[in-house]
Engineer: 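One structure is given below, represented as structure tokens, and several questions about it will come after.
So that the names make sense, note that chain A is the first sequence line, chain B the second, and so on, each numbered from 1. Basis for what follows: all heavy atoms, side chains included, without hydrogens, waters or symmetry-related copies.
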Amino acid sequence: GQGVEQPAKLMSVEGTFARVNCTYSTSGFNGLSWYQQREGQAPVFLSYVVLDGLKDSGHFSTFLSRSNGYSYLLLTELQIKDSASYLCAVRDQTGGYKVVFGSGTRLLVSP
Amino acid sequence: EAAVTQSPRNKVTVTGGNVTLSCRQTNSHNYMYWYRQDTGHGLRLIHYSYGAGNLQIGDVPDGYKATRTTQEDFFLLLELASPSQTSLYFCASSDGLGNQDTQYFGPGTRLLVL
């Protein structure tokens, strides 16, 4: 079946880093996106990956391994304001313009 | 200026009631989507459309109808609301071009069905 899995919660400390994991199983693969969602607000696009490897975008970096159905979002030099939910979304080849979202990982950054 | 707007922002109705949620986008995007978001389930696609008059069924369509009257406007209809439809509803739009196809979300509508 098709699914996108993420851990529900993650805790880290200000000034350090956090890695938000995502595993997926889809009938095809046409790219993976990461969104940030603050409490009570709409999701906001962060990053898109379709090729294997690490994509460094400064504060947010993303890694993809298509053979393993795995991605992570890496946040460095964490700030308190990075506390939010992070959603992984996978677009499969057979679903047209549908994407499948994971349930999201709630990141809590403590002082 | 918000490019995707939703109304109402909050709605309370009773079981069996008739509810219409509205979404308007000014991105000139072809694709529009309706999602519901519930704790433990993340965003689930209800219906989507790739243009005026078009409607595609999503992953959780039961109990919902939708209509795309113009490129800008997409409506979600609950004709006999049930408590299981209590949720946070998001509308989104995308241009549908290329693989990245970033989705832009509206602020959401909180629906409570008593």
Engineer: B:L76 and B:Y31: same hydrophobic cluster, using ILVMFWY side-chain contacts below 4.5 Å?
Structural biologist: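 Hydrophobic grouping puts B:L76 apart from B:Y31.
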Engineer: Measure A:Q6 against the heavy atoms of chain B and call it side chain, backbone, both or neither at under 4.5 Å.
Structural biologist: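 Neither part.
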Engineer: Would one find more than 12 heavy atoms of other residues, nucleotides or ligands at under 6.0 Å from atom CZ of A:F63?
Structural biologist: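 Result for CZ/A:F63: enclosed.
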Engineer: Please list all pairs meeting salt bridge (Lys or Arg N to Asp or Glu O under 4.0 Å) that have one or both residues in residues 6-35 of chain B, counting only residues at least two apart or in different chains.
Structural biologist: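 Non-adjacent pairs meeting salt bridge (Lys or Arg N to Asp or Glu O under 4.0 Å): B:R24-B:D73.
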Engineer: Side chain, backbone, both or neither: which part of B:Q56 has a non-hydrogen atom closer than 4.5 Å to chain A?
Structural biologist: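 Neither the backbone nor the side chain of B:Q56 comes within 4.5 Å of chain A.
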Engineer: Do B:T102 and A:S33 make a side-chain contact, defined as non-hydrogen atoms from C-beta onward lying under 4.5 Å apart?
Structural biologist: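 The answer is no, as the side chains (C-beta and beyond) never meet within the 4.5 Å cut-off.
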Engineer: Find out if a path of hydrophobic residues (ILVMFWY) with successive side-chain heavy-atom gaps under 4.5 Å connects A:V4 to A:L107.
Structural biologist: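 Yes; tracing contacts between hydrophobic side chains, which count when under 4.5 Å, links both residues.
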Engineer: Tell me if the OH atom of A:Y70 is crowded by more than 12 foreign heavy atoms within 6.0 Å.
Structural biologist: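 Yes, OH of A:Y70 has more than 12 neighbouring heavy atoms, counting only those of other groups under 6.0 Å.
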Engineer: Where is the tightest heavy-atom contact between B:Y35 and A:V99, given as atom of each residue plus distance?
Structural biologist: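 Nearest pair, atom of B:Y35 first, then A:V99: OH-CG2, 3.7 Å.
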Engineer: Decide whether A:L73 and A:V44 are clustered together by the hydrophobic rule: side chain heavy atoms of Ile, Leu, Val, Met, Phe, Trp, Tyr closer than 4.5 Å, transitively.
Structural biologist: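 No.
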Engineer: Do other residues, nucleotides or ligands put more than 12 heavy atoms under 6.0 Å from the CG atom of A:L108?
Structural biologist: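 Above 12, so yes.
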Engineer: Sorted by first residue and then second, give each salt bridge (Lys or Arg N to Asp or Glu O under 4.0 Å) pair with at least one member in residues 50-77 of chain A; sequence neighbours left out.
Structural biologist: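 For residues 50-77 of chain A, and leaving out neighbouring residues, the salt bridge (Lys or Arg N to Asp or Glu O under 4.0 Å) pairs sorted by first residue read A:D52-A:R66.
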Engineer: So which atom in B:R110 and which in A:G40 form the shortest heavy-atom distance, rounded to 0.1 Å?
Structural biologist: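 Heavy atoms only, the tightest pair is NH2-CA, 4.3 Å.
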Engineer: Of all heavy-atom pairs between A:A42 and B:F105, which one has the smallest distance, and what is that distance?
Structural biologist: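 Scanning both residues completely, I find the closest heavy atoms to be CB-CB, 3.7 Å.
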Engineer: Please determine, among A:G104, A:G102, A:P43, the option with the most heavy-atom pairs under 4.5 Å with chain B.
Structural biologist: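 Answer, by heavy-atom pair count under 4.5 Å with chain B: A:P43.
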Engineer: Suppose we call two aromatic rings close when their centres sit under 6.0 Å apart. Are A:F45 and B:Y104 close by that rule?
Structural biologist: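 No; B:Y104 has its ring centre 6.0 Å or more from that of A:F45.
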Engineer: CZ/A:F101 to CZ/B:R44 distance, rounded to the nearest 0.5 angstrom?
Structural biologist: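 A:F101 CZ to B:R44 CZ: 13.5 Å, rounded to 0.5 Å.
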Engineer: Could you tell me which residues in residues 84-92 of chain B have at least one non-hydrogen atom under 4.5 Å from a non-hydrogen atom of chain A, sorted by residue number?
Structural biologist: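 Contacts with chain A: B:F90.
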Engineer: Considering only heavy atoms, give the residues of residues 80-88 of chain A separated from chain B by less than 4.5 Å, sorted numerically, with 'none' for an empty result.
Structural biologist: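 Expected list: A:L87.
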Engineer: Flag yes if B:L45 and B:V60 sit in one hydrophobic cluster, no otherwise; membership is Ile, Leu, Val, Met, Phe, Trp, Tyr, and two members link when side-chain heavy atoms are under 4.5 Å apart.
Structural biologist: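 Different hydrophobic clusters.
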Engineer: Side-chain heavy atoms nearer than 4.5 Å, only ILVMFWY residues, links allowed to pass through others: does that put A:L75 and A:L46 together?
Structural biologist: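 Same cluster: A:L75 reaches A:L46 through Ile, Leu, Val, Met, Phe, Trp or Tyr contacts under 4.5 Å.
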